[in-house]
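Before any comments, here is the structure.
Naming: A, B, ... by sequence-line order, numbering from 1 per chain. Since the model is a prediction, treat every value here as computed from it, not as a measurement.
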Amino acid sequence: AQKVTQAQTEISVVEKEDVTLDCVYETRDTTYYLFWYKQPPSGELVFLIRRNSFDEQNEISGRYSWNFQKSTSSFNFTITASQVVDSAVYFCALSAAYNFNKFYFGSGTKLNVKP
Amino acid sequence: DAGVTQSPTHLIKTRGQQVTLRCSPISGHKSVSWYQQVLGQGPQFIFQYYEKEERGRGNFPDRFSARQFPNYSSELNVNALLLGDSALYLCASSFPTGAGHNEQFFGPGTRLTVL
């Protein structure tokens, strides 16, 4: 069975603070993909990153960085120097080898960045 | 290039009615997936269609059905609507290849309200 847990329901920070969103996943498959999506109030899911299970290298893209650790089944997302425009709901998702187009989403973390 | 489009944007129905939601994938994409997102939760997988065939089904009752047309657009039908069917319905398209997984691109969703 596949499962994604985002324990943080809501986080509030002040602009320019760093913030980390946690994601823990469960799967028995050895080949899988992990994703982060951003959902602004408009509702459309915006793709942020995809990692496969064989690539544990951390990745940095501008103010965004991701830490993938198979040993702890975690795929955490850090925003450095947060901005008001980062306010949104962030979802972590998993897809596994038997159907890569079937995504299992976490319940999401709502990030509020205050000026 | 146009992204994934969905229609209608919003829909209000009463209990017991039937509804049809429509999705047009990105040009060249042959796979369409449907997700239900209840307020405050992550999206839940409903169906995936590829080359007009059902390739995956989530844990939803038979009141939910879908199909994919020769032009790869798709319809999601829900019969005998219940109050609990009120949700944002998201469509995602991807271009699967034999090499493995490709990312999914989500549409803006259809907001269904059942009264």
Are the aromatic rings of [X] and [Y] close, with centres under 6.0 Å apart?
X: Y90(A); Y: F77(A); result: yes
X: F47(A); Y: F106(B); result: no
X: F35(A); Y: F105(A); result: no

(message) Looking only at heavy atoms and a cut-off of under 4.5 Å, which of S107(A), S42(A), C92(A), A93(A) has the most pairs with chain B?
(response) S107(A)

No-hydrogen, no-angle side-chain donor-acceptor test under 3.5 Å, [X] and [Y]:
X: Y72(B); Y: E51(B); answer: yes
X: E10(A); Y: T109(A); answer: no
X: S73(B); Y: N71(B); answer: yes

(request) Give the member of G107(B), G109(B), A92(B), G58(B) that has the highest number of heavy-atom pairs under 4.5 Å with chain A. (result) G107(B)

(message) I'd like to know which of Q6(B), Q44(B), Q41(B) tops the heavy-atom pair count under 4.5 Å against chain A.
(response) Q41(B)

(request) Measure F47(B) against the heavy atoms of chain A and call it side chain, backbone, both or neither at under 4.5 Å. (result) neither

Whether over 12 other heavy atoms sit under 6.0 Å from [X] [atom1]:
X: K16(A); atom1: NZ; value: no
X: K52(B); atom1: NZ; value: yes
X: L115(B); atom1: CG; value: yes

(message) If I measure from the heavy atoms of chain B, does Y104(A) come under 4.5 Å with its side chain, its backbone, both, or neither?
(response) neither

(message) Less than 4.5 Å to any heavy atom of chain B: does that hold for the side chain of Q39(A), its backbone, both, or neither?
(response) side chain

(message) Only heavy atoms, only distances under 4.5 angstrom. Which residues in residues 13-23 of chain B are near chain A?
(response) none

